[in-house]
There are 2 protein chains.
Amino acid sequence: MAKLQKSIDKRNALIKATIELVNNNGFHATPLSKVAKMANVSPATIYLYFENKQDLVNKTYIEVKEKFTAYAFETFKEDMAVEEGFKLIWNRIADFKFKHCEEAMFLAQCDNTPMIDEPSREVGIKHFQTLLDLWGRGKKEGLIKPMSDHILYAYTIIPLSFLIISQKRGAITLTKEHIEQSYLAAWNSIKA
Amino acid sequence: MAKLQKSIDKRNALIKATIELVNNNGFHATPLSKVAKMANVSPATIYLYFENKQDLVNKTYIEVKEKFTAYAFETFKEDMAVEEGFKLIWNRIADFKFKHCEEAMFLAQCDNTPMIDEPSREVGIKHFQTLLDLWGRGKKEGLIKPMSDHILYAYTIIPLSFLIISQKRGAITLTKEHIEQSYLAAWNSIKA
DNA sequence: AAAAAGAGAATGAACATTCATTTTTATATA
DNA sequence: TATATAAAAATGAATGTTCATTCTCTTTTT
């Protein structure tokens, strides 16, 4: 009997093509025929790996988000001091967005449009729990202002996302100093 | 001879329907048939007011952006002190986004996707010149850190946009204090 | 040889745009 | 003031295209 042996390479190629085409044209303006062509695959083959177009995009979102958060929290340890931990995570996030700006742009587009369905969005949020926990500890220890997580997020992560995307669009060229300065602004905005 | 007398009401209804439907479904997932229905108009009528679907969305973007910046700068005077002027403009922006969050969400979606064509995007940016000029003066007078406009924008306006959208999505409830606090964080991030 | 993977060519629905008519409007004339 | 008329405004019903999805056949794998 034959074994289930779908090529992980084909799947990866489909995900990669989806990211690139959606970045350039948006979800509804990227026909599966183009995704298939870019991945060197027949349109019908997409349906061996994904249920339909929506599923392809949902799964792409979740996978990219997972990759992102795995990178962000990789070197963090639960017993770190709040400020140290925050600085570490913030810089890992900056680093990821810097190195993988295609993925970062894709996530930004997903987060600002009705492209992704609600369940997938929820899954994406869950992966961020580590940072929320750290903030919770910081608030309890009186090191971080008693603000809601959304506000902390708005002051620290959101400006960073915008800067990376501006760079990707060619509007600015970010240096190490920019990133360092941006981190300081972020921490100053939230520290008690 | 009959006068050119296209109903401004119909045009406004079309713009309004476009904003609402694009907010909920995205550009490519809002058929003109639905826009027409929501505006109580025949699909064919859209073509009396706009060249095609892309033109409808471009014009909607430019109109909303114009309304937004007109409001933002309405009470500003060129001879104001930098800090005073910035505080005023920032608060007007907050106020607009608060009161017209449908429009604010629409702009956010346009700014984060390839939905709008490049020329229209350029027009939208131009309308922001007043704030850029004020920042330029602030930098020259040594009141604002010598950062690029994009970075100033990232620290001051972008977090605000995110907060308003989070509120619209039901994730938080913003109070006067939040807004005041957010202004202080913004100013502290950029003041020399 | 049998089961899965893959392909290219249909299929059918959705949708932007156009077409052929009808309705409204504004004004010039009675 | 009422009426006729010509131009614009508006419409609902085509039209043709694009595209997600499916079908049937071929190739690969074990």
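Letters A, B, ... are given to chains in the order of the sequence lines, protein chains preceding strands, and every chain is numbered from 1.
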- Measure from the side chain of A/L32, starting at C-beta and using heavy atoms only, and say which of D/dA10, D/dA20, C/dT17 lies closest. D/dA20
- Message: Rounded to whole Å, please give me the gap between NZ in B/K37 and C1' in C/dC15.
- Response: 13 Å
- Task: State whether the number of non-hydrogen atoms from other residues, nucleotides or ligands found under 6.0 Å of B/K59 atom NZ is greater than 12.
- Result: yes
- Report the distance from atom CG of A/N40 to atom C1' of C/dG8, rounded to the nearest whole Å. 15 Å
- Message: I want to verify a distance call: between C/dT18, D/dT21, D/dT11, whose nearest atom is closest to the B/Y47 side chain?
- Response: C/dT18
- Message: At less than 4.0 Å, is any side-chain N or O atom of A/Y49 found next to OP1 or OP2 of C/dG6? Yes or no.
- Response: yes
- Item | Base C/dG6 paired with A/S42 side chain (donor-acceptor, <3.5 Å) | no
- Message: Looking at B/W187 and B/K87, would you say the former's side chain and the latter's main chain have a donor-acceptor pair under 3.5 Å?
- Response: no
- Identify whether the distance between the nearest side-chain nitrogen and carboxylate oxygen of A/E118 and A/R121 falls below 4.0 Å. yes
- How are the rings of B/F73 and B/F128 set relative to one another: parallel (under 30°), tilted (30 to 60°) or perpendicular (over 60°)? perpendicular
- Note on the structure: Separation of C/dT18 atom C1' from B/F50 atom CZ, nearest Å, is 18 Å
- B/V41 has its side chain closest, among D/dT11, D/dT21, C/dA16, to D/dT11
- Distance under 6.0 Å and angle within 45° of the ring axis: does A/K67 meet both against A/F96? no
- Message: Just N and O in the side chain of B/K10: are any of them under 4.0 Å from OP1 or OP2 of D/dA9?
- Response: no
- Query: Between C/dT25 atom P and B/I8 atom CD1, what is the distance in whole Å?
  - Reply: 16 Å
- Message: Distance check needed: D/dT18 P versus A/H28 NE2, whole Å only.
- Response: 18 Å
- Query: For the pair made of NZ in A/K53 and P in C/dA14, what is the distance, rounded to whole Å?
  - Reply: 15 Å
- Query: Between A/A29 and A/A44, who's closer to the 5' end of DNA chain D by nearest nucleotide?
  - Reply: A/A29
- Query: Considering only side-chain heavy atoms of B/L48, which listed nucleotide, C/dC15, D/dC23, D/dT11, is closest?
  - Reply: D/dT11
- Query: Which listed nucleotide (C/dG6, D/dA20, C/dA16) is nearest to the side chain of A/T45?
  - Reply: C/dG6
- Query: For the pair made of NZ in A/K34 and P in D/dA20, what is the distance, rounded to whole Å?
  - Reply: 10 Å
- Message: What is the distance, to the nearest angstrom, from the CD atom on A/Q54 to the C1' atom on D/dT21?
- Response: 15 Å
